[in-house]
Amino acid sequence: MIEPSVDARHGRGDPCPNPEDRLSPTTPSVEVRQDWRQEEIREVHGLPLLDLVFRAAAVHRRCHASNEVQVCKLISIKTGACPEDCAYCSQSARYDTGIEPQRLMDKETVVDIARRAKENGVSRVCLGAAWREVRDGAQFDRVLDMVKDVTGLGIEVCCTLGLLTESQAQRLERAGLYAYNHNLDTSAEYYPTIITTRNYLDRLNTLQNVRKTNITVCCGGILGLGESVEDRISLLHTLATMRPHPESVPVNILSKVPGTPLAGQPDVPFDETLRVIATARIVMPKSVVRLSAGRARLSLAEQALCFLAGANSIFSSDTKSMLTRVVPSPDYDADRAMLDLLGLRMRPPFKDRAQTVACDGPRR
């Protein structure tokens, strides 16, 4: 059995100055590590489920306000006609999914959607474009203007635009971008089974280009692609050995889109989702773990267990969908009612940007 990453010699008896943050004063400090071995992560992931959730909850309470959840909104600013062959994606031009391609949205429409989202408690807006890669030119200039104006509303802006060069990352930084999302999706070993139009190294290079700026990294994966448990552990190992860890780690559950090669995949059992969330919280204690696509499948009780195990962000929507209508999402009213019932509050923007060496005290 590996030694716990918490150190029982520290933090014992610390007063908790803000009881509303629900951080146990007896929870020991937590070390942020980038030297996890794959066998260590495998052992954490394989703990008895209740023990795993308990340990993850302890780490979560040491590093985060356990009654705060960040509510995010995805906006598809350019939909469909993507040349990539991602086997799960409704926006690939290679599959007949019923999604009609749409041009890049105008800035005023995007800002109006973001403003309404903010009024409903959203503190991060993610702008997604169905591009393989960013290309310099008029369209990228328009995206930069969107970033500037949505940031001006006082909310975090994340972009997911595909592959990105260093100079493009720098331009996004100058526009005020807070985060860039570029998911690895699955393990390096399983990746070629899902996508052939770009390789794993392409994705890692984009993340490295983002890290050359002050933009934070949002990077996670998808459960239910047909991957093995070992693939999930390998993905977690890749993320947990990044220096630094991604500030945000989305955990997506496959939304089975008719017309895509993965439309017939079996559902992911909830306990497997919970294991990944809890393991991610333990091995990346400072990261925000985002319960993302597929959350609409989960019951309120299942979502509550995810929050207990360390998930502290969700995506909500006024349209009951995420990027496209084939990926359902709970709406603002339903999510507000859920958070109220569970005694959770909506997290403000621009909180806990910097990661520290250890989680050794109450977080507010």
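Residue numbers start at 1 and run along the sequence shown. Below, each value reflects all heavy atoms present in this structure, side chains not excepted, and no hydrogens, waters or symmetry copies.
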Quick one: [atom1] on [X] to [atom2] on [Y], what's the gap to the nearest 0.5 Å?
{"X": "R297", "Y": "S255", "atom1": "CZ", "atom2": "OG", "answer": "8.5 Å"}
{"X": "Q168", "Y": "L161", "atom1": "CD", "atom2": "CG", "answer": "9.0 Å"}
{"X": "M284", "Y": "C219", "atom1": "CE", "atom2": "SG", "answer": "9.0 Å"}
{"X": "S76", "Y": "L104", "atom1": "OG", "atom2": "CG", "answer": "10.0 Å"}
{"X": "W36", "Y": "I282", "atom1": "CH2", "atom2": "CD1", "answer": "7.5 Å"}
{"X": "D335", "Y": "L344", "atom1": "CG", "atom2": "CG", "answer": "11.0 Å"}

Quick one, [X] and [Y] - any side-chain contact, counting heavy atoms below 4.5 Å?
{"X": "L342", "Y": "L300", "value": "yes"}
{"X": "L239", "Y": "P246", "value": "yes"}
{"X": "T213", "Y": "L177", "value": "no"}
{"X": "L298", "Y": "L291", "value": "yes"}
{"X": "V44", "Y": "R55", "value": "yes"}
{"X": "R142", "Y": "K107", "value": "no"}
{"X": "T273", "Y": "R295", "value": "no"}
{"X": "C72", "Y": "C126", "value": "no"}

Does [X] come within less than 4.0 Å of [Y], counting only side-chain N to carboxylate O?
{"X": "D333", "Y": "R336", "answer": "yes"}
{"X": "E247", "Y": "R211", "answer": "yes"}
{"X": "D149", "Y": "R115", "answer": "no"}
{"X": "R33", "Y": "E31", "answer": "no"}

Quick one: does [X]'s side chain have a donor or acceptor within less than 3.5 Å of a partner on [Y]'s backbone?
{"X": "K118", "Y": "I155", "answer": "no"}
{"X": "E230", "Y": "S228", "answer": "no"}
{"X": "Q70", "Y": "R347", "answer": "no"}
{"X": "T319", "Y": "S317", "answer": "no"}
{"X": "R124", "Y": "E156", "answer": "no"}
{"X": "N183", "Y": "G220", "answer": "yes"}
{"X": "T160", "Y": "N181", "answer": "yes"}

Scan side-chain atoms only and decide if S234 and D231 contain a donor-acceptor pair under the 3.5 Å cut-off.
-> no
Can you confirm whether [X] is buried at [atom1], in the sense that more than 12 heavy atoms of other residues, nucleotides or ligands lie under 6.0 Å from that atom?
{"X": "R116", "atom1": "CZ", "result": "yes"}
{"X": "R132", "atom1": "CZ", "result": "yes"}
{"X": "L201", "atom1": "CG", "result": "yes"}

On a heavy-atom basis, the closest approach of D202 and L163 is O-CD2, 3.7 Å
Could you pull out the closest heavy-atom pair between R290 and S248, with the gap in Å?
-> NH2-OG, 2.9 Å
Look at the side-chain heavy atoms of Ile, Leu, Val, Met, Phe, Trp and Tyr, link any pair under 4.5 Å apart, and say whether L50 and L47 land in one connected group.
-> no
Are V32 and V288 connected in the hydrophobic side-chain network, where two residues link if heavy atoms are under 4.5 Å apart?
-> no
